[in-house]
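Naming convention: chains lettered A, B, ... in sequence-line order (proteins, then strands); numbering from 1 in each chain. As the structure is a computational prediction, the values presented were derived from the model and not from experiment.
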Amino acid sequence: MRRWRSFSLFSVLAFGYAFLYVPILSLIVYSFNESRLVTVWAGFSTKWYGELLQNDQILSAAWLSLKIAVLNASGSVVLGSLAGLVLARFGRFRGRTAFTTLITAPLVMPEVIIGLSLLLMFVTLQNFIGWPGERGMTTITIAHLTFSTAYVTVVIQSRLSQMDVSIEEAALDLGAKPAKVFFVITVPVIAPALVAGWLLAFTLSLDDLVIASFVSGPGASTLPMVVYSSVRLGVSPQINALATIIVCIVTVAILIAGFIMHRQEKQRRNA
Amino acid sequence: MMPPPVPPSAPANPASFTVIGMLWRWLLGFTFVARVRGLAMGTVSWGRALVTAVPFLWLILFFGLPFLVVLKISFSQAVIAQPPYTPLLTWAEDGIMVLRINFQNYLLLVQDSLYWMAYLNSVRIAAIATVACLLLGYPMAYAISKAKAELRVPLLMLIILPFWTSFLIRVYAWIGILKTNGLLNNVLIWLGLIDQPLPLLHTEFSVLVGIVYSYLPFMVLPLYATLSRMDESLLEAAADLGCRPGKAFLTITLPLSMPGVIAGSMLVFIPAVGEFVIPDLLGGPNTLMIGKVLWTEFFSNKDWPVASAVAVATLLLLVVPIVRFQKAQEESNKKAEELAR
């Protein structure tokens with residue numbers, strides 16, 4: 001009975017992980033395929049990587065996406081820390097319900113609606129105050145900041161509410177200013193959440209096609225926009241090569257993060 | 001602390017200035033007036049007010065107000081101009097202000113079967129995908145929570161890892177798998193299960209697979225969170241009292257994991273209803289979903305008012321699930337805080 005139970009749980013896990021990983025593995029395998037046809041194996045080749053590195057359109061889009069992602073990640077960590085602090089520490093205040101609604105709604109709001117509403121907002125602002133002029137990097141960054149702040153807030157808030165408040169209270173009792181307490185005590189304690197939030201916002205921004213398509217203007221194409229237009233035309237081995245590179249970077253980053261977290265956990269247990 | 005923000009000045013169109021200004025004051029007024037009074041009386045600290053105001057104002061300006069703009073434009077008429085819609089309020093001669101509210105866009109949604117078919121389709125496909133996610137995600141989350149302690153973190157990491165690689169590219173991967181001469185058909189033919197390749201891509205099946213695949217982590221993570229927080233001693237007590245494992249699961253584990261089930265289902269269902277990328281890349285002419293309709297109205301037909309009306313109608317459809325999700329979110333926050341104490 002017991003053995004049967006653990007066997008069925010194991011097979012569910014095996015099926016689930018296969019479902020999650022077979023598509024990614026198939027992308028990687030076919031990125032080394034000689035043939036343009038993704039379904040026919042014609043021998044090992046790295047030529048698609050060479051072509052990818054000479055594709056100026058993809059490279060410049062990748063550069064724009066990286067710039068936006070870094071700006072977005074840094075900005076949403078600042079906004080998300082403030083919002084997380086409000087939710088975790090400030091207790092009840094007037095407008096808290098409105099505040100939580102504005103924070104959690106972007107987590108589930110369909111992207112087409114966020115994209116359309118932000119674009120119409122930018123157009124309206126443009127009519128009233130003449131800003132934001134041309135749509136492009138600035139408007140994409142603002143749009144990304146708005147929805148990634150929600151995710152970062154959730155990460156930071158949950159860390160803040162699990163944290164031992166007595167250290168903060170002790171520092172306040174000893175006469176430290178709230179701002180000093182935040183930077184000297186709170187920030188080091190929640191540092192892992194800040195890093196996780198930064199990385200999360202970075203990926204969300206790098207990944208977004210729909211919202212960026214709405215709020216972008218002519219001439220500003222992010223990496224997902226270029227990938228999308230090439231994918232619509234059919235399967236392309238260059239995109240497989242790009243996917244392989246992304247998967248490698250992400251895997252290495254996650255392994256490093258996992259290793260660091262593991263070591264910190266060990267230190268904490270030893271201390 | 002700044003006074004209640006002044007609405008952006010609008011010399012060009014004083015009429016809509018008043019409307020937006022009124023909504024703006026209505027949105028902000030009640031909180032900020034209280035805040036400013038508190039500051040003046042010294043009951044609210046300036047630092048706290050600033051910490052609250054910055055993210056609050058940001059979200060109001062770029063998340064709250066844009067919905068009002070969408071609502072406004074959904075009542076206007078498409079024209080070939082810059083911007084491509086008519087203003088609601090105009091000054092006619094002799095100082096008469098004219099308010100034109102155009103209900104045509106909403107009438108179109110009701111009358112043209114394309115739109116409400118797309119709505120029904122979206123809700124149906126999202127609901128089926130949510131149930132499928134639950135059926136696959138629940139046993140996975142359960143198995144992970146029952147795994148050896150040192151295995152749990154790596155197993156969870158493996159659930160999250162695909163989420164960190166590009167969503168677009170992962171959906172694209174399924175094109176190669178589901179194509180007529182794609183991986184899955186080749187494997188099935190090789191196994192001798194079928195003679196002719198099955199038409200899998202551009203069907204409802206491929207859209208469902210795409211949604212389940214993309215949103216599975218969003219189902220597993222909240223489920224795991226509630227399952228791993230569960231008090232094991234309840235199950236032990238049930239077993240001691242002679243309860244069978246199957247019954248213990250149905251009467252103890254399942255009800256206690258309901259917050260996770262609700263949070264996970266909402267995290268899958270709500271975005272899936274408005275999904276664009278998956279029906280666009282994997283779907284066909286029979287799998288029209290509302291996100292794609294909105295996209296086409298906006299980008300191909302350049303009809304911003306109809307696109308806005310579609311957005312408003314979709315939001316109305318999703319208000320109940322979104323509110324439910326927020327309640328579940330608040331409850332789980334409260335529980336986490338209680339556990340921390």
Donor on one side chain, acceptor on other, B:W58 and A:T146, under 3.5 Å: yes
A:Y228 and B:Y172 aromatic centres sub-6.0 Å: no
Aromatic ring proximity A:F214/B:W304, centre distance under 6.0 Å: no
Give, as side chain, backbone, both or neither, the part of [X] having an atom under 4.5 angstrom from any heavy atom of chain B.
{"X": "A:S213", "answer": "both"}
{"X": "A:F15", "answer": "side chain"}
{"X": "A:S8", "answer": "neither"}
{"X": "A:P178", "answer": "neither"}
{"X": "A:S117", "answer": "both"}
{"X": "A:L223", "answer": "neither"}

Side chain to side chain, B:L168 and A:V231, heavy atoms closer than 4.5 Å: no
Flag side-chain contact, heavy atom, 4.5 Å: B:V273 against A:P110: no
Minimum heavy-atom distance between B:W164 and A:A196, given as atom pair plus value: CH2-O, 4.3 Å
Nearest heavy-atom neighbours spanning A:I24 and B:P162: CD1-CB, 4.1 Å
Plane angle bin for A:F122 and B:F62 - parallel if under 30°, tilted between 30 and 60°, otherwise perpendicular: tilted
Among A:T104, A:T100, A:T97, side chain to side chain donor-acceptor pair (under 3.5 Å) partner for B:Q326: A:T104
Partner residues of A:Q238 under the side chain to side chain contact (heavy atoms under 4.5 Å, CB included) criterion, sequence neighbours left out: A:W48, A:E51, A:L52, A:N55, A:I58, A:S236
Side chain to side chain contact (heavy atoms under 4.5 Å, CB included) against A:V12, all qualifying residues, sequence neighbours excluded: B:P139, B:M140
Chain A contacts, top residue of B:V323, B:D280, B:I73 (heavy-atom pairs, under 4.5 Å): B:D280
